[in-house]
Amino acid sequence: MRLFRIYKKLYKFFGPQRWWPRMLRGEEGIFEICVGAILTQNTNWNNVVLVLRNMHEAELTCPERVAQVRAAKLQACVRASGYYRQKAKKLKIFSKYICDNYSGKTSCLLKGGLVGKREELLGLWGLGPETADSILLYAGVKPIFVIDAYTKRLCQNLGVELVDYDDYRLYFESNLPKSVKLYKEYHALIVAWGKLLTKDKDKALLLIK
DNA sequence: TACCAGGTCCTCG
DNA sequence: CGAGGACATGGT
């Protein structure tokens, strides 16, 4: 298993990543993961942290509050993570979905089937496959492998060229043990590797040889 | 100072 | 479909 061998190398080099990073626990912690997953779309995590702090101060830590807060106020909170009008709208839509269908309990993600929930999330405006899968894996604790831009770059360097998002996902899922813990850690390690790739390309490539 | 960051949606051919 | 553009801020 080549993918597992690479995983072990990355783990040995970078150590445990402890994803998903968050300040809150319990119900609010689950919601915070979903919010972060939306905010980090094509955006540096540092900017996301600024927004999470704003939202915490504004007590926007549950779906009910986000669904009800004035759009202009939410936009102001979200500004630092970029695309702030779109992202405020995405947070509203996701929050309303949780409120209307699951009584505002983001922990609904922990229950039910993976496939059904994935379809629901993908049906929401603003949630594409990576965001939906991040939510399912890290908030819903469901065994689904998250594919991001770095994962595709890793594949490129392994000589694996696929087209569709799901083809990449199934490639990882079918070549690794089905484990939430492994999927969480591996995705986080790939991001760490991706960052190294931009800083020191030779070192990053050597690491996966 | 350009360029990039843990994507997604929309439009047009 | 698929390519191309829009969305936006903060760090280096």
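The chains referred to below are lettered A, B, ... by the order of the sequence lines, with proteins before strands, and numbering in each begins at 1.
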Categorize [X] for me: base, sugar-phosphate, or nothing, with a 4.0 angstrom heavy-atom threshold over every strand shown.
X: A:Glu130; answer: sugar-phosphate
X: A:Leu124; answer: sugar-phosphate
X: A:Ser81; answer: nothing
X: A:Gly82; answer: base
X: A:Trp125; answer: sugar-phosphate
X: A:Ala37; answer: nothing

Whole angstrom is fine here: how far is it from [atom1] in [X] over to [atom2] in [N]?
X: A:Gln41; N: B:dC9; atom1: CD; atom2: C1'; answer: 10 Å
X: A:Asp133; N: B:dG7; atom1: CG; atom2: C1'; answer: 13 Å
X: A:Asp166; N: B:dG7; atom1: CG; atom2: P; answer: 17 Å
X: A:Leu39; N: B:dT8; atom1: CG; atom2: C1'; answer: 14 Å

Is the A:His187 ring parallel, tilted or perpendicular to the A:Tyr138 ring (thresholds 30°, 60°)?
-> tilted
Check the angle between the aromatic planes of A:Phe31 and A:Phe94 and answer parallel, tilted or perpendicular using the 30° and 60° thresholds.
-> parallel
Nearest atoms (heavy-atom pairs only) where [X] meets [Y]:
X: A:Tyr183; Y: A:Pro177; value: CE1-O, 3.4 Å
X: A:Lys90; Y: A:Trp125; value: CG-CZ3, 3.5 Å
X: A:Ile147; Y: A:Glu130; value: O-CG, 3.4 Å

Testing A:Trp193, A:Tyr186, A:Phe172, A:Phe145 for ring-ring contact (aromatic ring centres under 6.0 Å, His included) with A:Tyr7, which one passes?
-> A:Tyr186
Straight-line distance of A:Phe14 CZ to A:Leu189 CG, nearest 0.5 Å = 7.5 Å
Quick one: pull up OG in A:Ser174 and CG in A:Leu3 and give me the separation to the nearest 0.5 Å.
-> 8.5 Å
Please step through side-chain contact (heavy atoms from CB on, under 4.5 Å) for the pair A:Thr106 and A:Cys34, ending with a clear verdict.
-> CA-CA 9 Å; A:Thr106 318; A:Cys34 301; 3.8 Å; yes
Do other residues, nucleotides or ligands put more than 12 heavy atoms under 6.0 Å from the CZ atom of A:Arg5?
-> yes
Contacted region of DNA chain C by chain A, from 5' end to 3' end of the hits, cut-off under 4.0 Å to heavy atoms, spans C:dC7 to C:dG10
P atom, C:dA8 versus B:dC10: distance in rounded Å?
-> 13 Å
Side chain of A:Glu32, backbone of A:Thr61: donor and acceptor closer than 3.5 Å?
-> no
With distance as the sole test, does A:Arg118 use its side chain to make a donor-acceptor pair with the main-chain N or O of A:Leu136 at under 3.5 Å?
-> no
Quick one: on DNA chain B, does A:Thr40 or A:Leu122 contact a more 5' nucleotide (nearest heavy atom)?
-> A:Thr40
List in numerical order all residues of residues 176-193 of chain A for which some heavy atom is under 4.0 Å away from an atom belonging to DNA chain B.
-> A:Val191
Pairs under 3.5 Å (N/O, protein and nucleotides 3-5 of chain B):
from  : atom 1 : to       : atom 2 : distance (Å)
B:dA5 : OP1    : A:Arg153 : NH2    : 3.3

